[in-house]
Amino acid sequence: MSREKRHWLMKSEPSVFSIEDLRRSPQQSAGWDGVRNYQARNFMKSMAVGDEVLYYHSNADPSGIAGLAEVVKTAYPDPTQFDSKNGHYDAKATKGKPIWFQVDVRFVKAFPELLSLEDLRGLPALKNMALFKYSRLSIQPVTKAERDIILKTAG
DNA sequence: GCCAACGTTGGC
DNA sequence: GCCAACGTTGGC
């Protein structure tokens, strides 16, 4: 009972956690913690193991898609919401009623060269990408067609 | 570092 | 339920 693999774009500031940080992590995987936006959280909750993730470096020089990852664990409570010493602490969350969730992702590959935001804007087939319309949304779905163009262009 | 866009909070 | 104030994201 498996569904078609879905494609997502997930943003991370490379100065905080880059695709190379993910590559160097144990089992080359890590929990995607710190998401504090309901729409982004809901997208994470709909992810399945095996879904593909376009790893986007935001607030970078330049920003753009750095490579690929995959979902290896479906959504579970983000532990940082319970930790009062953590910057992502949320006093309204309890273990019984968690508010924020994360998935685990594993490194798949880094592109030979980053596909910059400028590159992406230059591809007519991508003109309707959520990335441009909802530019502040840190997790968003990507269509199969968009994903195929991106992988082909990235080489 | 600036600031536009936009999500969240809280007073009323 | 409105909306002003405030906080965050993220490109530049």
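Each chain gets a letter, A, B and so on, in the order the sequences are listed, and its residues count up from 1.
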Residue that, paired with A/E52, satisfies salt bridge (charged side-chain N to carboxylate O under 4.0 Å, His left out) out of A/R106, A/K144, A/R147
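So the option named by the test is A/R147.
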
Is a side-chain donor or acceptor of A/T153 paired with a backbone partner of A/I149 at a separation under 3.5 angstrom?
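Such a contact is found between A/T153 side chain and A/I149 backbone.
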
A/R6 backbone acceptor or donor facing A/D51 side chain under 3.5 Å:
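Yes.
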
Please work out which residues in residues 115-122 of chain A have a non-hydrogen atom less than 4.0 Å from an atom of DNA chain C and list them by number.
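Those residues whose heavy atoms fall under 4.0 Å from DNA chain C, taken from residues 115-122 of chain A in numerical order, are A/L117, A/R121.
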
Considering only heavy atoms, which members of residues 128-139 of chain A lie under 4.0 Å from some atom of DNA chain C?
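Only A/S135, A/R136, A/L137, A/S138 qualify.
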
What's the verdict on salt bridge (charged side-chain N to carboxylate O under 4.0 Å, His left out) for A/D148 and A/K152, showing C-alpha distance, side-chain angles and the deciding distance?
CA-CA 6 Å; A/D148 288 347; A/K152 189 173 160 214; over 6 Å; no

Would you please name every residue forming a side chain to side chain donor-acceptor pair (under 3.5 Å) with A/Q28, sequence neighbours left out?
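Not a single residue meets the side chain to side chain donor-acceptor pair (under 3.5 Å) criterion with A/Q28.
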
Which residue, A/K92 or A/N59, contacts DNA chain B at a nucleotide closer to its 5' end, judged by nearest heavy atom?
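It is A/N59, whose closest nucleotide lies nearer the 5' terminus.
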
Please name all residues satisfying side-chain contact (heavy atoms from CB on, under 4.5 Å) with A/D90, sequence neighbours left out, ordered by chain then number.
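A/D90 satisfies side-chain contact (heavy atoms from CB on, under 4.5 Å) with A/Q81, A/K92, A/A93, A/I99, A/W100 once adjacent residues are dropped.
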
So among A/F111, A/W32, A/F17, which one has a ring pair (Phe, Tyr, Trp, His ring centres under 6.0 Å) with A/Y55?
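The passing option is A/W32.
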
On the six-membered ring of A/F43, is A/K45 placed so that its NZ or CZ lies under 6.0 angstrom from the centre and within 45° of the ring axis?
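No - A/K45 does not lie over the ring of A/F43 by the 6.0 Å and 45° rule.
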
For DNA chain C, which nucleotides open and close the run of contacts to chain A, 5' to 3', at under 4.0 angstrom from a non-hydrogen atom?
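Answer, 5' to 3': C/dT8 to C/dC12.
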
Identify, with sequence neighbours excluded, every residue that meets salt bridge (Lys or Arg N to Asp or Glu O under 4.0 Å) alongside A/K127.
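None.
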
Donor-acceptor pair between A/D83 and A/T80 side chains, under 3.5 angstrom
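Checked: A/D83/A/T80 side chains show no N/O donor-acceptor pair below 3.5 Å.
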
